[in-house]
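Notes follow once the structure below has been shown.
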Amino acid sequence: MEESTTIAEVFQILKEMQFKIAIDDFGSGYSSLGQLQQLTADVLKLDRSFVSHGVAGMREKIVVGNVIHMAGELGMQVICEGVETQAQSITLQEIGCKYSQGFYFYRPMQLENYEKLLVADN
């Protein structure tokens, strides 16, 4: 992310080619609010640490809710990672997160097993 101008230019080229851009693990490591100003991503994936540290407290709900709202105002979809309980899923929905992923919904699986699920659904 040290070359943010170059990355922004590459993002623009990819978007012109109809690619969707996602910022993964937002809120951990080197990600920052400044990236949201510079990078025109389509999806913001909130790092699991936002959920695993709990979204039950008022402060946590305010922080996560405002990030979700801000991303929405920027035209981005938000996916919260690391959802492990129904309570977390409900809380995230209540504060405006439409999409989430984690063990609560399904555990990772081998490709062969996923393909079997797809066949069974049809």
Side-chain angles (χ1 to χ4, degrees):
M1 294 311 299
E2 295 171 4
E3 304 285 335
S4 60
T5 303
T6 303
I7 292 171
E9 292 169 359
V10 171
F11 275 21
Q12 186 59 40
I13 292 167
L14 290 171
K15 288 177 77 68
E16 289 170 8
M17 297 171 65
Q18 304 300 311
F19 281 87
K20 299 290 184 193
I21 307 293
I23 297 174
D24 195 21
D25 296 331
F26 183 80
S28 70
Y30 295 103
S31 64
S32 71
L33 291 175
Q35 290 178 335
L36 298 183
Q37 288 178 299
Q38 298 171 355
L39 305 177
T40 56
D42 302 290
V43 178
L44 184 70
K45 293 184 73 179
L46 286 182
D47 186 70
R48 65 182 300 111
S49 62
F50 283 101
V51 176
S52 65
H53 291 128
V55 284
M58 185 54 65
R59 292 180 69 86
E60 292 86 357
K61 286 180 187 176
I62 290 170
V63 170
V64 174
N66 279 307
V67 171
I68 292 167
H69 177 75
M70 179 178 49
E73 290 289 309
L74 293 170
M76 302 168 77
Q77 291 181 335
V78 177
I79 301 171
C80 283
E81 300 175 329
V83 176
E84 296 184 1
T85 68
Q86 182 180 27
Q88 290 171 333
S89 177
I90 290 169
T91 298
L92 289 168
Q93 290 174 38
E94 290 172 350
I95 60 175
C97 186
K98 295 179 183 177
Y99 306 100
S100 54
Q101 69 182 55
F103 291 162
Y104 171 66
F105 302 104
Y106 223 86
R107 297 244 177 217
M109 67 178 79
Q110 296 295 320
L111 178 60
E112 299 80 29
N113 294 335
Y114 178 71
E115 290 170 343
K116 289 177 188 175
L117 280 176
L118 290 177
V119 171
D121 283 343
N122 291 326

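Electrostatic pairing of Arg48 and Glu84 counts as a salt bridge here, judged by a charged N lying under 4.0 Å from a carboxylate O.
Residues Gln77 and Ile79 have side chains not in contact (no heavy-atom distance under 4.5 Å, counting atoms from C-beta outward). With contacts defined as side-chain heavy-atom distances shorter than 4.5 Å, the pair Thr91/Val64 does not qualify. Side-chain contact between Leu44 and Val67 is present, with heavy atoms from C-beta onward closer than 4.5 Å. Contact annotation: the side chain of Thr40 approaches that of Gln12 to within less than 4.5 Å [non-hydrogen atoms, C-beta and beyond]. Contact annotation: the side chain of Val63 approaches that of Phe50 to within less than 4.5 Å [non-hydrogen atoms, C-beta and beyond].
Atom CD of Glu112 has more than 12 neighbouring heavy atoms from other residues, nucleotides or ligands inside a 6.0 Å radius. Within 6.0 Å of CD in Gln110 there are 12 or fewer heavy atoms belonging to other residues, nucleotides or ligands. The 12-atom threshold is not exceeded at OH of Tyr106, counting heavy atoms of other residues, nucleotides or ligands nearer than 6.0 Å. Around the NZ atom of Lys98, the shell of radius 6.0 Å holds no more than 12 heavy atoms that belong to other residues, nucleotides or ligands.
Contact between Ser89 and Val83 at its shortest, heavy atoms only, is N-CG1, 3.8 Å. Across all their heavy atoms, Ser100 and Leu92 have their closest contact at CB-CD1, 4.4 Å.
The one candidate from Asp24, Leu46, Val51 that meets the side chain to side chain contact (heavy atoms under 4.5 Å, CB included) condition with Glu81 is Asp24.
In the hydrophobic cluster analysis, where Ile, Leu, Val, Met, Phe, Trp and Tyr join through side-chain heavy atoms closer than 4.5 angstrom, Tyr99 is grouped apart from Phe26. Using a 4.5 Å cut-off between side-chain heavy atoms of Ile, Leu, Val, Met, Phe, Trp and Tyr, with links allowed through other members, Phe19 and Phe11 fall into the same hydrophobic cluster. Tracing side-chain contacts under 4.5 Å through hydrophobic residues (I, L, V, M, F, W, Y), one reaches Ile7 starting from Ile13; they form part of the same cluster. Residues Met58 and Val55 fall into different hydrophobic clusters, defined by Ile, Leu, Val, Met, Phe, Trp and Tyr side chains chained together at heavy-atom separations under 4.5 Å. Tracing side-chain contacts under 4.5 Å through hydrophobic residues (I, L, V, M, F, W, Y), one reaches Met70 starting from Ile68; they form part of the same cluster.
Considering CG of Asp42 and NZ of Lys20, their distance stands at 5.0 Å, rounded to 0.5 Å. Residue His69 holds its NE2 atom at 14.0 Å from CD1 of Ile62, rounded to the nearest 0.5 Å. Between Cys80 atom SG and Gln93 atom CD the span is 10.5 Å, to the nearest 0.5 Å. Interatomic distance, Leu14 CG to Glu9 CD, rounded to the nearest 0.5 Å: 12.0 Å.
No donor-acceptor distance shorter than 3.5 angstrom exists from the side chain of Asp25 to the backbone of Asp47, with no hydrogens or angles considered.
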Please report the C-alpha distance between Leu36 and Ile23 in whole Å, then the side-chain angles of each, then the deciding distance to 0.1 Å, and finally whether the side chain to side chain contact (heavy atoms under 4.5 Å, CB included) criterion is met.
CA-CA 9 Å; Leu36 298 183; Ile23 297 174; 4.2 Å; yes

